[in-house]
Amino acid sequence: MRDTPSEESESDADGPDAATDGGPDAAAPTEDRTFRPAQSVCPFCGVGCTIQYAEASGKATGTKGPVNRRGEVCPKGVAAFDVVDHDDRLTQPLVRESGHLVTAPWDEAIDRVVAGVADIVETHGPDALGFFASSNCTNEENYVFQKLARVLGTNNVDNCARLCHSSTVAAMSARFGAGAMTNTLDDLGEADTFLVCGANPAEQHPIIFQSYLGPALKDGTTMIHVDPRATATTRHADVHLPVEPGYDIPLLNAMTTVVFEEGLEDRAFLAERTTGVEDLRAHLAEVDVDANADLAGVDPDDLREAARTYAEADQAAAFTGMGMSQHHCGTDNVHALLNLALVTGNVGKRGTGVNPLRGQNNVQGAGDVGALPDVLPGYREVTDGAARRETAAVWGVDPPGEPGLTEVEMTHRFGDEIRGAFVFGENPAMTEPNATRVRDSFEKLDLCVVLDLFETETAEHADVVLPGSAWAEKSGTVTNTDRQVMRMRENADLPGEARQDLTVLTEIARRLTERLGVAADLAGPGFDFPTPESVFAELTDVTPIYAGMSYEGIGHGSQRWPFPAGADEGVGVLHTQTFANGEATAPLVPIEHVPPADDLADGELVLTTGRVLQHFNSGALTRRSDTLTRMYREDALQIHPDDAEARDISDGDRVRVWNDRKEVAVAVDVTPATRRGTVFMTFHFADPLVNALTSDDPLDPVAKIPEYKHSAVRVEPI
Ligand SMILES: Nc1nc2c(c(=O)[nH]1)N[C@H]1C(S)=C(S)[C@@H](COP(=O)(O)OP(=O)(O)OC[C@H]3O[C@@H](n4cnc5c(=O)[nH]c(N)nc54)[C@H](O)[C@@H]3O)O[C@H]1N2
Ligand SMILES: Nc1nc2c(c(=O)[nH]1)N[C@H]1C(S)=C(S)[C@@H](COP(=O)(O)OP(=O)(O)OC[C@H]3O[C@@H](n4cnc5c(=O)[nH]c(N)nc54)[C@H](O)[C@@H]3O)O[C@H]1N2
Ligand code: SF4
Ligand SMILES: [Mo]
């Protein structure tokens, strides 16, 4: 915890009901708006840099915060106001009339939502609803959203952590009892070795890379980078293992085999803190390191050197990203990494651990406060009767006891079991796999409600579109990648008739629970929360890992979970004496290679997808920023020179990229940065829509995460 004693008294009248909702003649967003600086949190990645309005430039500027101590920010942070004040902002509710979205008064829009949802519950039951929560929105908003789903009687609530680190969380929870970063940004700088697997922090977590990893690398920390492409991160690496997409298990198993073969395992740690070492050793005795390196497409000597460097370090820290998690074997990928970390004793100490770099500014928090189908707030399983009873004691209503559906499972059932969807701050029509199927399935719903800032690709399928509040217009808390809860504060009024997300959600919840006769059973405030702070007070009551936190305690600093009631501060390094599940030991688990599901036919290439520095996810925000768009205007297919030459393709040519699912057209960037046989595109653009090419079947069997990193495609000049 880092408290800032100089907390000013703040008007927490900045609650949802104190929101300035514009009148019926509300103007375009750029007119008549008041901006004022107040420390908030960047709306983009999970690093959690603090920013505020800068009067001089009209842009955002960094403030000295718990993570960005010197007030540093990346280009996206600077551009964060471009989206707040954009002409495309939704300023009035929209409803569908004769096939078209037309503006409507709030009363009418909310009436439609309430009538539509109530009708579905009464006709088909609450499990015919699907709630898509928002990793881009606050803990308070997500808490209210999942409470609404559960009070109505369904656990069908998920957020795009599903598409992101759900596999990591599944593997780490199974072994350690917690899925979050084991360590803190502060102590990770002490590591002698960084092992970065399937992540590109130089572009995706730029301030972590610059301010935490960078200084350590300058001081001599060695970095091993496992990525099929040479990226901005690789430039700082000592060893690059350009793994074939989908072959991390053979690579990591071979590294652990080298550790055993060369006697580099941590015997004391294995004896005291693990079980199952003999089974793992027997399994790895069958592994031929050279053959596995060959299968993974990396040099066996480099792989051996990487294994030695990691195992011989006093402190070695692993970082894991989407290259590991977003596979149909994502959970097993992370299990293979956990074996390596445990065998070398790199868990439960400063400068070590397994550290998932989290996605959006509140993807960690959305899960923490229960926006997941299998757990209540605080990761307490919905199947755990005691957890349900304790939650019900605060809510007055029992949450349902059967796990709900995940995001992709929900869209698979649209028009079938799922009749209505409420999409809050997500853009699944662009970001879910097999986008053509997703878009068709949205059309099968009886009711689709979208609460967003823009008329997104998903809003095109909605019956009701509600204009919400952007980051700079709201207050509340978000939880960053290393478990620090920070406060957002209002820097601007709302544009036009847009309303606070929290106001919209609580209003819908009040009206729906009234209409469905549940309101009378609600205990405490029910959904009558006067401020975000009053939501936080309730959520700390039902979220044991947040129990001791308060707005006052957070101030301009942060409080880190786990933060039990009565504690003075949160816990930094996890699993030091015992694991988070209370066990002294974690199991070692033999992991078999799982071949990619998309077989490669002759002439096909592997398409892997990901991100660039200048854009964010579906691009709903960053594509609307002039500054960021000038820096990165359109998508490009990275292709190796040999693959380009074989197809008679030159740099800058336009090509068609296609498979059984769809075809897209894109310009090429011919570069040796990507490995031979592997091509790369981002998913930031509506055209080319890369997710038209990705697969939604099979999903990872445990986490239900889709395969975004391995699709067979053909590439031809146009
Ligand atoms: N600039 C920017 N920053 C962001 C985001 C953004 O959109 N833009 N999004 C945020 C979100 S939601 C998230 S989840 C994080 C994600 O952050 P990252 O995990 O860094 O994201 P990706 O670029 O999807 O994937 C990382 C790397 O995995 C590599 N890779 C592909 N296939 C494989 C494979 O099979 N094995 C291995 N080992 N590597 C592979 C890719 O080449 C890529 O360089 O970033 C967050 N930060
Ligand atoms: N091919 C491919 N696809 C991927 C991935 C990949 O690597 N490759 N990565 C996956 C991952 S890791 C993720 S996390 C998902 C991301 O998928 P999404 O969450 O669907 O993507 P975002 O662009 O972050 O969507 C955020 C939406 O919320 C809205 N929004 C932002 N702030 C607010 C707010 O304060 N209030 C309201 N009401 N709305 C707001 C934005 O306008 C936008 O429409 O994409 C996944 N899809
Ligand atoms: S590193 Fe992430 S949180 Fe920090 S300014 Fe950039 S996008 Fe925002
Ligand atoms: Mo993500």
Side-chain angles (χ1 to χ4, degrees), residues 43-47 74-76 83 90 132 134-138 141 159-165 196-206 225-229 231-234 241-248 251 319-327 333 356-361 363 423-433 435 450-454 456-459 466-474 481 501 504 596 606-622 624 638 674 678 680-684 690-691 693-694 705-706 708-711:
F44 296 110
C45 85
V47 175
C74 82
K76 283 190 302 304
V83 296
L90 287 166
F132 292 68
S134 180
S135 328
N136 298 279
C137 289
T138 64
E141 290 155 357
N159 76 90
C160 71
R162 181 66 46 204
L163 313 175
C164 188
H165 267 303
V196 181
C197 291
N200 179 12
E203 292 194 72
Q204 268 76 259
H205 299 88
H225 193 208
V226 186
D227 195 307
R229 300 181 306 135
T231 66
T233 301
T234 322
L241 300 176
V243 63
E244 166 93 27
Y247 288 81
D248 291 273
L251 184 149
F319 296 88
T320 180
M322 300 298 100
M324 292 275 288
S325 63
Q326 289 177 331
H327 286 289
N333 282 347
L357 293 166
R358 300 303 305 254
Q360 297 96 334
N361 69 344
V363 63
V423 184
F424 169 38
E426 250 197 46
N427 196 1
M430 269 201 64
T431 54
E432 286 214 6
V450 166
L451 170 56
D452 206 290
L453 311 176
F454 297 104
T456 59
E457 292 74 11
T458 305
L466 303 171
S469 48
W471 70 274
E473 294 143 6
K474 60 173 71 172
T481 189
D501 288 326
V504 178
V606 178
L607 169 69
T608 194
T609 63
R611 300 159 160 81
V612 292
L613 171 71
Q614 300 84 353
H615 286 280
F616 195 75
N617 292 354
S618 74
L621 306 188
T622 51
R624 292 187 163 89
Q638 290 187 344
T674 185
T678 297
F680 173 86
M681 283 172 74
T682 80
F683 68 110
H684 302 312
V690 82
N691 276 325
L693 301 170
T694 55
I705 195 169
Y708 287 119
K709 297 290 198 244
H710 190 290
S711 313

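Residue numbers count from 1 along this sequence. Atoms within a ligand are numbered from 1 in the order they appear, just like the ligands themselves. Values reported hereafter were calculated over all heavy atoms of this structure, with side chains retained and with hydrogens, waters and symmetry mates removed.
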For [X] versus [Y], what's the shortest heavy-atom pair and its separation?
{"X": "R162", "Y": "I705", "answer": "O-CG1, 3.2 Å"}
{"X": "N200", "Y": "R229", "answer": "ND2-NH2, 4.4 Å"}
{"X": "S134", "Y": "F424", "answer": "CB-O, 3.0 Å"}
{"X": "P467", "Y": "L451", "answer": "C-CD1, 4.3 Å"}
{"X": "T458", "Y": "A429", "answer": "OG1-N, 3.0 Å"}
{"X": "R358", "Y": "H205", "answer": "O-NE2, 2.8 Å"}

For [atom], find the nearest protein heavy atom and state the residue, atom name and distance (0.1 Å precision).
{"atom": "atom 2 (C) of ligand 2", "value": "Y708 CD2, 3.3 Å"}
{"atom": "atom 26 (C) of ligand 1", "value": "G198 O, 3.3 Å"}
{"atom": "atom 8 (N) of ligand 1", "value": "H615 O, 2.6 Å"}
{"atom": "atom 24 (O) of ligand 2", "value": "N617 ND2, 3.2 Å"}
{"atom": "atom 29 (C) of ligand 1", "value": "D227 OD2, 3.2 Å"}
{"atom": "atom 47 (N) of ligand 1", "value": "Q204 O, 2.9 Å"}
{"atom": "atom 32 (N) of ligand 1", "value": "T608 OG1, 3.1 Å"}
{"atom": "atom 40 (C) of ligand 2", "value": "L453 CG, 3.7 Å"}
{"atom": "atom 44 (O) of ligand 2", "value": "D452 OD2, 2.7 Å"}
{"atom": "atom 36 (N) of ligand 2", "value": "D501 OD2, 2.8 Å"}
{"atom": "atom 23 (O) of ligand 2", "value": "S618 OG, 2.6 Å"}
{"atom": "atom 34 (C) of ligand 1", "value": "G323 O, 3.2 Å"}
{"atom": "atom 10 (C) of ligand 2", "value": "Q326 NE2, 3.4 Å"}
{"atom": "atom 14 (S) of ligand 2", "value": "Q360 NE2, 3.1 Å"}
{"atom": "atom 20 (O) of ligand 1", "value": "N200 N, 2.9 Å"}

Would you check the N or O atoms of [X], main chain and side chain alike, for any that come under 3.5 Å of an N or O of ligand 2?
{"X": "G425", "answer": "yes"}
{"X": "T609", "answer": "yes"}
{"X": "L451", "answer": "yes"}
{"X": "E432", "answer": "no"}
{"X": "T456", "answer": "no"}

Tell me whether ligand 2 is touched by [X] - counting only heavy atoms on the residue side and a distance under 4.0 Å.
{"X": "K709", "answer": "yes"}
{"X": "P43", "answer": "no"}
{"X": "S134", "answer": "no"}

Please say whether [X] places an N or O atom under 3.5 Å from an N or O atom belonging to ligand 1.
{"X": "C45", "answer": "no"}
{"X": "G246", "answer": "yes"}
{"X": "T231", "answer": "no"}
{"X": "P245", "answer": "no"}
{"X": "Y247", "answer": "no"}

Residue pair [X] / [Y], side-chain heavy-atom distance below 4.5 Å:
{"X": "E457", "Y": "N427", "result": "yes"}
{"X": "W471", "Y": "C137", "result": "no"}
{"X": "P75", "Y": "L613", "result": "yes"}
{"X": "K474", "Y": "E141", "result": "yes"}
{"X": "P242", "Y": "P228", "result": "no"}

Taking atom types as modelled and ignoring hydrogens, do the side chains of N691 and E432 form a donor-acceptor contact shorter than 3.5 angstrom?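 No, no side-chain donor-acceptor contact under 3.5 Å.
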
Say whether T233 and H225, considering side chains only, have a donor N or O and an acceptor N or O under 3.5 Å apart.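 There is no such pair between these side chains.
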
Could a heavy atom of [X] be found less than 4.0 Å from some atom of ligand 1?
{"X": "T320", "result": "no"}
{"X": "M324", "result": "no"}
{"X": "H165", "result": "no"}
{"X": "D248", "result": "yes"}
{"X": "H710", "result": "no"}

For ligand 1, which atoms, with element, lie under 4.0 Å from some heavy atom of [X]?
{"X": "G321", "value": "19 (O)"}
{"X": "V243", "value": "36 (N), 37 (C), 38 (N)"}
{"X": "H684", "value": "7 (O)"}

Only heavy atoms of [X], strictly under 4.0 Å: list the atoms of ligand 2 that pass.
{"X": "V690", "answer": "1 (N)"}
{"X": "C160", "answer": "14 (S), 16 (C), 19 (O)"}
{"X": "L621", "answer": "42 (O)"}
{"X": "S469", "answer": "34 (C), 35 (O), 36 (N)"}
{"X": "M322", "answer": "12 (S)"}
{"X": "K474", "answer": "34 (C), 35 (O), 36 (N)"}
{"X": "A620", "answer": "41 (C), 42 (O), 43 (C), 44 (O)"}

For [atom], which of the options [options] provides the nearest non-hydrogen atom?
{"atom": "atom 22 (P) of ligand 1", "options": "H205, R611, K76, H327", "value": "R611"}
{"atom": "atom 1 (N) of ligand 1", "options": "V363, V612, T233", "value": "V612"}
{"atom": "atom 46 (C) of ligand 1", "options": "G359, C164, G619", "value": "G359"}

Please report the interatomic distance [atom1]([X]) to [atom2]([Y]), rounded to the nearest 0.5 Å.
{"X": "Q204", "Y": "L357", "atom1": "CD", "atom2": "CG", "answer": "10.0 Å"}
{"X": "E244", "Y": "T608", "atom1": "CD", "atom2": "OG1", "answer": "10.5 Å"}
{"X": "T694", "Y": "Y708", "atom1": "OG1", "atom2": "OH", "answer": "6.5 Å"}

Examine R611 relative to F616 and say whether NZ or CZ is less than 6.0 Å from the centre of the six-membered ring and inside a 45° cone about the ring axis.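 No cation-pi geometry.
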
